[in-house]
Amino acid sequence: MTTELARKFQDPNRGVYFIGTTPPKNTINDDEQLNQIGQKLLDRLGQIEVDGLIVYDIQDESSRISKPRPFPYMETHNPLDWSKRLQTLAIKPVITYKSVSSRSTEEFNQWLDSAWDEYGIRDIVLVGAPSSDGQIVLPLAKAYETLANSQHDFNLGGVTIAERHAAKGNEHTRLINKTVAGCDFFVSQAVYNPQATVDMLSQYARTCRDNGEEPKRVILTFTPCGSVKTLEFMEWLGISVPDATKHRILDAELPLDESIKICRSALEQIIEVALPLGIPLGLNIESLTNRKEEIDASINLYKLLKATLDLKLAEQNLA
């Protein structure tokens with residue numbers, strides 16, 4: 001089965017555009033209140049055109065880093081439930097993240113059945129353990145194998161982290177291996193170091209060319225940053241922010257507006273390399289905090305970056 005999103009992903013001449021969101025904290029149990037939260041999100045999106053939403057599966061990542069988390073970790077609602085709710089309210093496709101490392105193969109198979117049959121989920125991204133130090137019950141490679149042996153034909157995506165490429169130089173190999181395992185698209189970690197992303201994508205495209213394969217679509221994630229606390233959280237998450245970029249944001253009279261300019265510049269740098277190499281691109285815009293200013297800024301960021309990518313694609317298609 002080919003999903004609506006999978007069909008869009010197959011057209012290299014168009015961009016695909018998403019808003020990323022997290023489920024509400026699980027202390028909110030009232031069904032009407034959950035619908036109100038979902039509707040409030042969708043009302044914000046009423047002024048923009050999106051291809052779908054991305055729902056994250058938030059995990060406690062304290063095993064990955066010794067620094068304390070800038071914002072406290074809170075359990076959230078089941079991403080499947082939130083995805084179905086948003087899909088129903090928005091009548092838009094939803095990509096659902098699933099963290100696999102803490103579940104057994106049997107539990108993961110049950111999740112796949114539930115996602116398909118009970119929640120109507122068709123587009124998913126599987127996420128591995130936040131670090132190799134924690135207890136890993138189900139490695140990501142085994143999860144891919146389990147999915148391949150299941151009866152369900154999900155549109156499968158993977159995560160790509162340019163910072164890993166900067167450190168180890170092998171992220172392009174991970175993308176190739178994930179493609180062999182069944183991934184048809186990739187979603188990046190938030191970009192604030194475009195050179196790391198450019199290096200990774202360039203190596204990925206060259207490897208695809210050498211293998212006689214077409215690169216898969218890469219959906220680039222961007223997020224606004226308007227405070228020291230948000231910047232600390234970004235770095236805690238592993239997002240690489242060069243010192244000059246930090247100073248530029250924090251010294252600006254309007255830090256959020258400055259971060260939006262930085263994101264546009266980063267996207268333009270990536271586009272200049274990725275599109276000529278034949279890498280289909282997409283965008284995923286998120287707000288890492290629930291501050292109204294940053295949520296509003298994420299909508300402005302979405303508008304600007306979508307216009308930027310659409311224009312570049314139009315220019316390329318004329319050439």
Side-chain angles (χ1 to χ4, degrees), residues 2-3 5-18 51 54 95 123-128 140-141 143-145 147-148 153-222 239-240 263-284 305-306 308-319:
T2 302
T3 70
L5 290 181
R7 285 191 294 273
K8 289 181 177 180
F9 290 173
Q10 288 166 5
D11 180 358
N13 297 314
R14 63 158 292 162
V16 289
Y17 303 100
F18 296 89
D51 290 298
I54 294 179
I95 296 174
D123 305 277
I124 61 174
V125 169
L126 300 186
V127 183
L140 185 57
Y144 285 140
E145 185 182 316
L147 175 58
D153 186 20
F154 286 98
N155 179 35
L156 175 65
V159 171
T160 181
I161 300 175
E163 284 82 353
R164 283 194 302 226
H165 193 77
K168 299 181 179 179
N170 67 350
E171 186 69 8
H172 63 291
T173 303
R174 288 173 182 259
L175 299 187
I176 298 294
N177 292 340
K178 287 180 178 181
T179 299
V180 171
C183 288
D184 280 319
F185 65 95
F186 298 101
V187 183
S188 83
Q189 182 168 266
V191 176
Y192 265 92
N193 182 351
Q195 191 59 50
T197 300
V198 163
D199 290 344
M200 184 265 291
L201 291 179
S202 174
Q203 192 68 49
Y204 172 54
R206 290 171 65 87
T207 305
C208 286
R209 183 191 63 196
D210 292 345
N211 293 346
E213 299 167 354
E214 296 293 326
K216 297 296 185 181
R217 187 174 294 270
V218 178
I219 300 169
L220 301 165
T221 299
F222 290 91
I239 298 166
S240 170
C263 288
R264 179 177 63 175
S265 175
L267 176 60
E268 289 173 339
Q269 291 176 59
I270 295 167
I271 285 172
E272 291 302 320
V273 171
L275 292 189
L277 289 173
I279 302 174
L281 296 178
L283 296 174
N284 170 44
L305 297 195
K306 181 178 186 298
T308 301
L309 180 53
D310 277 342
L311 178 61
K312 292 293 185 180
L313 286 167
E315 290 174 350
Q316 178 178 265
N317 293 336
L318 285 174

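- In this structure, the separation between SG on Cys183 and CD1 on Ile176 is 11.5 Å, given to the nearest 0.5 Å.
- Residues Thr207 and Leu175 form no side-chain contact, since every pair of their non-hydrogen atoms from C-beta on lies 4.5 Å or further apart.
- Between Asn13 and Leu313 the shortest side-chain heavy-atom distance does not fall below 4.5 Å.
- Tested against Thr221 for a side-chain contact (heavy atoms from CB on, under 4.5 Å), the candidates Asn284, Val159, Val191 yield a single pass: Asn284.
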>> One pair to check against side-chain contact (heavy atoms from CB on, under 4.5 Å): Leu277 and Tyr204. What are the steps and the verdict?
In response: CA-CA 10 Å; Leu277 289 173; Tyr204 172 54; over 6 Å; no
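- Summarising the geometry, atom CD1 belonging to Ile279 is positioned 11.0 Å from atom CD belonging to Glu214; distances are rounded to the nearest 0.5 Å.
- In this structure, Met200 CE and Ile270 CD1 are separated by 8.5 Å, a value rounded to the nearest 0.5 Å.
- The shortest non-hydrogen separation linking Ser240 to Asn193 is OG-ND2, 3.1 Å.
- Rounding to the nearest 0.5 Å places NE2 of His172 at 11.5 Å from OG1 of Thr160.
- In this structure, Thr179 and Phe186 approach most closely via the heavy-atom pair OG1-CZ, 3.5 Å.
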> Taking it one step at a time, do Lys312 and Glu272 satisfy salt bridge (Lys or Arg N to Asp or Glu O under 4.0 Å)?
Replying inline: CA-CA 9 Å; Lys312 292 293 185 180; Glu272 291 302 320; 3.1 Å; yes
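- Listed here is the closest heavy atom pair of Pro276 and Ile271: CD-O, 3.6 Å.
- Remark: the Gln203 side chain and the Asp199 side chain contain no N/O donor-acceptor pair separated by less than 3.5 Å.
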>> One pair to check against side-chain contact (heavy atoms from CB on, under 4.5 Å): Val16 and Ile219. What are the steps and the verdict?
In response: CA-CA 8 Å; Val16 289; Ile219 300 169; 4.2 Å; yes
> Can you list the steps and then say if Ile54 with Val125 is a side-chain contact (heavy atoms from CB on, under 4.5 Å)?
Replying inline: CA-CA 9 Å; Ile54 294 179; Val125 169; over 6 Å; no
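- Among all heavy-atom pairs drawn from Cys263 and Phe222, the shortest one is O-CE2, 3.7 Å.
- Take Gln10 and apply the side chain to side chain contact (heavy atoms under 4.5 Å, CB included) test, not counting sequence neighbours, and it matches Thr2.
- Atom-to-atom distance recorded for Ser188:OG and Glu163:CD is 8.5 Å, nearest 0.5 angstrom.
- Counting heavy-atom neighbours within 6.0 Å of Arg209 CZ, excluding the residue itself, gives a total above 12.
- Although no hydrogens or angles enter the test, the distance criterion places no donor-acceptor pair under 3.5 Å between the side chain of Asp51 and the main chain of Phe18.
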>> Using the rule given for side-chain contact (heavy atoms from CB on, under 4.5 Å), can you reason through Tyr17 versus Leu309, listing the C-alpha separation, both sets of side-chain angles and the distance that settles it, and then say yes or no?
In response: CA-CA 10 Å; Tyr17 303 100; Leu309 180 53; 3.6 Å; yes
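- Defined by atom type and a distance below 3.5 Å, a donor-acceptor pair is missing between the side-chain atoms of Glu268 and Thr308.
- The shortest non-hydrogen separation linking Pro215 to Pro280 is O-CD, 3.7 Å.
- Taken from CG in Leu305 to CZ in Arg264, the straight-line distance is 9.0 Å, to the nearest 0.5 Å.
- Contact between Ser202 and Val273 at its shortest, heavy atoms only, is CB-CG1, 4.4 Å.
- Side-chain atoms of Phe185 and Ile95, non-hydrogen and from C-beta on, do get closer than 4.5 Å to each other.
- The backbone N or O of Ile161 sits nowhere less than 3.5 Å from a side-chain atom of Gln189 that would complete a donor-acceptor pair.
- Within the 4.5 Å cutoff, no side-chain heavy atoms of Asp184 are placed close to those of Phe9.
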